Amino acid sequence: MTHLIRRAHPEDVETVVRWRAESAAWIERRYGSDQWQRPFPADQLMKSVVAGELWIVHADTLTSSPVATITVDQDADPALWLPEERDEPARYVHKLTVAPGKAPGLGAALLDWAGRAAASEGALWLRLDAWTSNQRLRQYYADQGFAFVRENPERVSGAAFQRRASFQMGSLYEVVEV
Ligand SMILES: CC(C)(COP(=O)(O)OP(=O)(O)OC[C@H]1O[C@@H](n2cnc3c(N)ncnc32)[C@H](O)[C@@H]1OP(=O)(O)O)[C@@H](O)C(=O)NCCC(=O)NCCS
């Protein structure tokens, strides 16, 4: 099934804030985790929009309601990545969210899309940080082919993972950039 991915507009920030709150409630209910209980600052999301780093996904057509978001940037967190790792060409995934109840499996397709885009720009690695105390989420990334690199227990989102940018998990979904 084909999904379309586009750069976010300022009007999308409200949707991303809402998804985060809905996801946090779902995560708390299902897994008892405190992940994302604090709302994400809208001004930081807006910065990602302005930088062209926040993406929005639609099923079928751009006029349909959006179903997912991903942010991809080059901001290596020095609390998680060593200087020699930060020197390597890499892209960093943040705020990956599939709207609760929509399109299970789409997240994996977005990770593949991000990896392809990163590799096409010469990056070697696709990296991310997962909620430190959320073992199920950490397992999810391991299942997606990511290797655990290290944990910073001082950080709520402090479990660092990476996989080769060229790695493709494969998915039912095709993600096309528009
Ligand atoms: C993580 C996410 C993008 C993965 O999307 P996906 O590839 O389409 O995969 P699914 O949504 O089908 O989830 C796969 C499994 O991971 C679990 N999972 C997903 N997010 C989880 C989370 N935050 N905590 C614990 N488990 C989680 C799901 O319950 C599911 O488990 P199941 O197969 O036993 O039912 C999506 O589940 C999501 O938006 N989760 C909430 C927000 C989030 O945690 N984002 C990651 C930030 S680092």
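Order of appearance sets the numbers: ligands from 1, and atoms from 1 within every ligand. Nothing here was measured: the structure is a model prediction, and the numbers come from that model.
With a 4.0 Å heavy-atom cut-off, ligand 1 is reached by the side chain of Gln35 but not by its N, CA, C or O. Counting heavy atoms closer than 4.0 Å to ligand 1, residue Trp36 contributes side-chain atoms (C-beta onward) but none from N, CA, C or O. Contacts between Tyr173 and ligand 1 below 4.0 angstrom, taking non-hydrogen atoms only, are absent altogether.
Contact atoms of ligand 1 toward Gly107: 5 (O), 6 (P), 7 (O), 8 (O) (distance under 4.0 Å to a heavy atom of the residue). Which parts of ligand 1 touch Thr97 is read off a 4.0 Å heavy-atom cut-off, strictly below it: atoms 39 (O).
From the protein, the heavy atom lying nearest to atom 24 (N) of ligand 1 is Asn134 ND2, 2.8 Å. The nearest protein atom to atom 38 (C) of ligand 1, hydrogens excluded, is given as Val98 N, 3.9 Å; this is a heavy-atom distance. Of all protein heavy atoms, the one lying nearest to atom 9 (O) of ligand 1 is Tyr140 CE1, 3.8 Å. Nearest non-hydrogen protein atom to atom 17 (C) of ligand 1 is Tyr31 OH, 3.6 Å. Of all protein heavy atoms, the one lying nearest to atom 15 (C) of ligand 1 is Arg136 NH2, 3.3 Å.
Heavy atoms of Trp26 approach ligand 1 to within less than 4.0 angstrom. Ligand 1 has Arg30 within reach: a non-hydrogen atom of the residue lies less than 4.0 Å from it. Using a 4.0 angstrom heavy-atom cutoff, Gly105 counts as in contact with ligand 1.
One N or O on the side chain of Asp112 and one on the backbone of Met169 form a donor-acceptor pair closer than 3.5 Å. In this structure, the side chain of Asp12 engages the main chain of His9 through a donor-acceptor pair within 3.5 Å.
In this structure, Arg164 is positioned above the aromatic face of Trp125, its NZ or CZ under 6.0 Å from the six-membered ring centre and within 45° of the axis. Note that Arg20 lies in the cation-pi zone of Trp36, set by a 6.0 Å cut-off to the ring centre and a 45° limit from the axis.
Counting heavy atoms from C-beta on, the side chains of Thr71 and Val93 never come closer than 4.5 Å. At least one side-chain heavy atom of Ile27 sits less than 4.5 Å from a side-chain heavy atom of Asn134.
For Ser23, no nitrogen or oxygen atom sits less than 3.5 Å from a nitrogen or oxygen atom of ligand 1, counting backbone and side chain alike. Looking at ligand 1, you won't find any N or O of Tyr141 less than 3.5 Å from one of its N or O atoms. Where the criterion is an N or O separation shorter than 3.5 Å, residue side chain and backbone included, Leu96 meets it with respect to ligand 1. Close N/O approach between Gln144 and ligand 1 is not found [any backbone or side-chain N/O within under 3.5 Å].
Ion pair Arg155/Asp77 flagged as a salt bridge, since at least one NZ, NE, NH1 or NH2 atom sits closer than 4.0 Å to an Asp/Glu carboxylate oxygen. A salt bridge between Arg116 and Glu121 is absent, with no side-chain N of the basic residue lying under 4.0 Å from a carboxylate O of the acidic one. Here Glu14 does not pair with Arg18 in a salt bridge; the nearest charged N to carboxylate O distance is not below 4.0 Å.
Remark: atom 26 (N) of ligand 1 lies closer than 4.0 Å to at least one protein heavy atom.
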